[in-house]
*Asks:* 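Right, I'll just put the structure down here and ask away after.
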Amino acid sequence: MPELPEVEVVRRGLAAHTTGATIERVETFGHRVLRRHLPGEEDFAGRVAGRRIEAVCRRGKYLWLDLGGEAVLAHLGMSGQLLLARPGDPVPKHLHARFELIDASGAPLLVHFVDQRTFGGLALAGVDADGIPDPVQHIARDPFDPLFDAAVVARRITSRPSGIKRQLLDQTIVSGIGNIYADEALWRAGLHGERRGDRLTKPAVIRLLGHAHEVMADALGEGGTSFDSLYVNVNGESGYFERSLNAYGREGQPCRRCGSLMRREHFMNRSSFSCPRCQPRPRVADGQFRP
DNA sequence: AATTAGCCCTGATTGC
DNA sequence: TGCAATCAGGGCTAAT
């Protein structure tokens, strides 16, 4: 996280302010931010300077500035932010990169990449004929993609014995879903995350994917989820979807559907929140038994 | 081939 | 009060 809705909030903000802008100069701070740009910071700065931002794009949780033939690729990791600023504004804490732009109206504009935990990063990458950057090739289409095909994804999910939450979080199966929205989609669908994919029907998985799409669309409508004030739009503002969460973080609170007390389980080194009544555990857990 | 452990990192929170 | 342990966890890599 930030997951798809939070990244889309950022994409929209960047698109509104930087489409058609020219990158005059870029400065990076520290070695972490460009660790995936193997040629290094001088190469990055040299190749980005003077380029025009044609569009701002996203797939799953990846975001990129389309420079025409190449892209400045960004991943926010757990705590990354892209913030707009004006020259003279105070320097934010945990600043890892600063893009100096001249926007489409000719005004100077700064884009700051801020990241407390430094799991995020930037890179300059080539793109394919569809404009998808090379490092994003292995990322599956997300539910917001016009070419996302729920039937195809459901066929794949129902062909595997892996647990359904594991598969929802697998960005090579469907992208954009992280721990929060996986739990929310499973709650809406009334499924426990350890239900095996191959023991669910295809229509049930298609419904689950529909719930995932719907809950992320709802969150986007609220400006995203602001769980720990690290998820903000390009103006540093938080969204309001946290109020609407039905599962994530609600351990011990009554299920909003049946009133049972929500439980918390540890799974894949992270917390899973679910309703013990609406989302009963499978009798045989994922992977424990194979006929 | 699929799955899992380990790693990266800082700040808020909890425990002694 | 102070210090240490714990937790948050996406995505990649190495190991199984």
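Bear in mind the structure is a predicted one, so any value in this text is a computation, not a measurement. We name chains A, B, ... by the order of the sequence lines, and we start the count at 1 in each one.
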*Asks:* For DNA chain C, whose closest nucleotide is more 5', that of A:Gln171 or that of A:Ser271?
*Replies:* A:Ser271
*Asks:* Answer yes or no: does a side-chain N or O of A:Arg160 lie under 4.0 Å from OP1 or OP2 of B:dA1?
*Replies:* no
*Asks:* What contact category does A:His266 fall into here, base, sugar-phosphate, or nothing, at under 4.0 angstrom with non-hydrogen atoms?
*Replies:* nothing
*Asks:* Side-chain contact test, heavy atoms from C-beta onward, threshold under 4.5 Å: evaluate it for A:Pro5 versus A:Tyr181 and give yes or no.
*Replies:* yes
*Asks:* Does a nitrogen or oxygen in the side chain of A:Arg117 sit under 4.0 Å from OP1 or OP2 of C:dG9?
*Replies:* no
*Asks:* Report yes if the distance between the aromatic ring centroids of A:Phe29 and A:His96 is under 6.0 Å, otherwise no.
*Replies:* no
*Asks:* Send over the distance from A:Gln167 CD to B:dT3 P, rounded to a whole Å.
*Replies:* 8 Å
*Asks:* Taking OP1 and OP2 of C:dG10, is either one under 4.0 Å from a side-chain nitrogen or oxygen of A:Tyr181?
*Replies:* no
*Asks:* Quick check, does A:Phe119 stack with C:dG11? I mean ring centres under 5.5 Å and planes off by under 30°.
*Replies:* no
*Asks:* Please determine if a side-chain N or O atom of A:Ser162 lies less than 4.0 Å away from the OP1 or OP2 oxygen of B:dT3.
*Replies:* yes
*Asks:* Which of the following nucleotides, B:dC9, C:dG9, C:dC12, is nearest to the side chain of A:His31?
*Replies:* B:dC9
*Asks:* One thing to verify: whether A:Arg98 and A:Glu100 come together as a salt bridge, which I'm taking to mean a side-chain N less than 4.0 angstrom from a carboxylate O.
*Replies:* no
*Asks:* Let me know the distance between CG of A:Asp115 and P of B:dC9, rounded to the nearest Å.
*Replies:* 11 Å
*Asks:* Of the nucleotides C:dC7, C:dC12, C:dG9, which has the atom closest to the A:Arg36 side chain?
*Replies:* C:dC12
*Asks:* Please tell me if A:Tyr248 has a side-chain N or O lying less than 4.0 Å from either OP1 or OP2 of C:dA8.
*Replies:* no
*Asks:* In this structure, how many angstroms lie between the C1' atom of C:dT6 and the CZ atom of A:Arg264, rounded?
*Replies:* 11 Å
*Asks:* Is there a salt bridge (Lys or Arg N to Asp or Glu O under 4.0 Å) between A:Glu70 and A:Arg47? Walk through the geometry before answering.
*Replies:* CA-CA 10 Å; A:Glu70 285 182 312; A:Arg47 287 163 62 195; 2.8 Å; yes
*Asks:* In whole angstrom, give the distance that lies between atom CZ of A:Arg270 and atom C1' of B:dG6.
*Replies:* 14 Å
*Asks:* As a test of reading the structure: which of C:dG9, B:dT10, C:dG11 is closest to the side chain of A:Gln116, going by heavy atoms?
*Replies:* B:dT10
*Asks:* Should A:Glu251 and A:Arg263 be marked as a salt bridge (Lys or Arg N to Asp or Glu O under 4.0 Å) after you check the CA-CA gap, both sets of side-chain angles, and the distance that decides it?
*Replies:* CA-CA 5 Å; A:Glu251 179 188 17; A:Arg263 70 182 158 210; over 6 Å; no
*Asks:* Does any part of the side chain of A:Ser274, heavy atoms only, come nearer than 4.5 Å to the side chain of A:Glu265, both counted from C-beta?
*Replies:* yes
*Asks:* Under 4.0 Å: is that the gap between some side-chain N or O of A:His94 and OP1 or OP2 of B:dC9?
*Replies:* no
*Asks:* Kindly determine whether A:Lys165 and A:Asp183 satisfy salt bridge (Lys or Arg N to Asp or Glu O under 4.0 Å), including the steps that lead there.
*Replies:* CA-CA 8 Å; A:Lys165 182 169 179 181; A:Asp183 277 4; 2.6 Å; yes
*Asks:* Five pairs per end, C1' atoms only: what is the angle between the end axes of the helix from B:dA2-C:dT16 to B:dC16-C:dG2, to 10 degrees?
*Replies:* 50°
*Asks:* Between A:Arg35 and A:Lys93, which has a closest nucleotide on DNA chain B that is more 5'?
*Replies:* A:Arg35
*Asks:* Would you kindly give the CG-to-P distance between A:Leu169 and C:dG11, to the nearest whole Å?
*Replies:* 9 Å
*Asks:* Just the rounded figure in Å: distance from C1' of C:dG10 to NZ of A:Lys165.
*Replies:* 13 Å
*Asks:* Rounded to the nearest angstrom, tell me the gap between atom CZ in A:Phe267 and atom P in C:dC7.
*Replies:* 18 Å
*Asks:* So which nucleotide from C:dG9, C:dC12, B:dG11 ends up closest to the side chain of A:Met78?
*Replies:* C:dG9
*Asks:* Between A:Trp187 and A:Arg257, is there a cation-pi geometry (under 6.0 Å to ring centre, at most 45° from the normal)?
*Replies:* yes
*Asks:* Select one nucleotide: of B:dC8, C:dG11, C:dG9, the one nearest the side-chain heavy atoms of A:Lys61.
*Replies:* C:dG11
*Asks:* Please report, rounded to the nearest Å, how far the C1' atom of B:dT3 is from the CG atom of A:Asp170.
*Replies:* 11 Å
*Asks:* Who passes side-chain hydrogen bond (donor to acceptor under 3.5 Å, both in side chains) against A:Arg270, sequence neighbours left out?
*Replies:* none
*Asks:* Between C:dG11, B:dG11, B:dC8, which nucleotide has the shortest distance from any of its atoms to the side chain of A:His75?
*Replies:* C:dG11
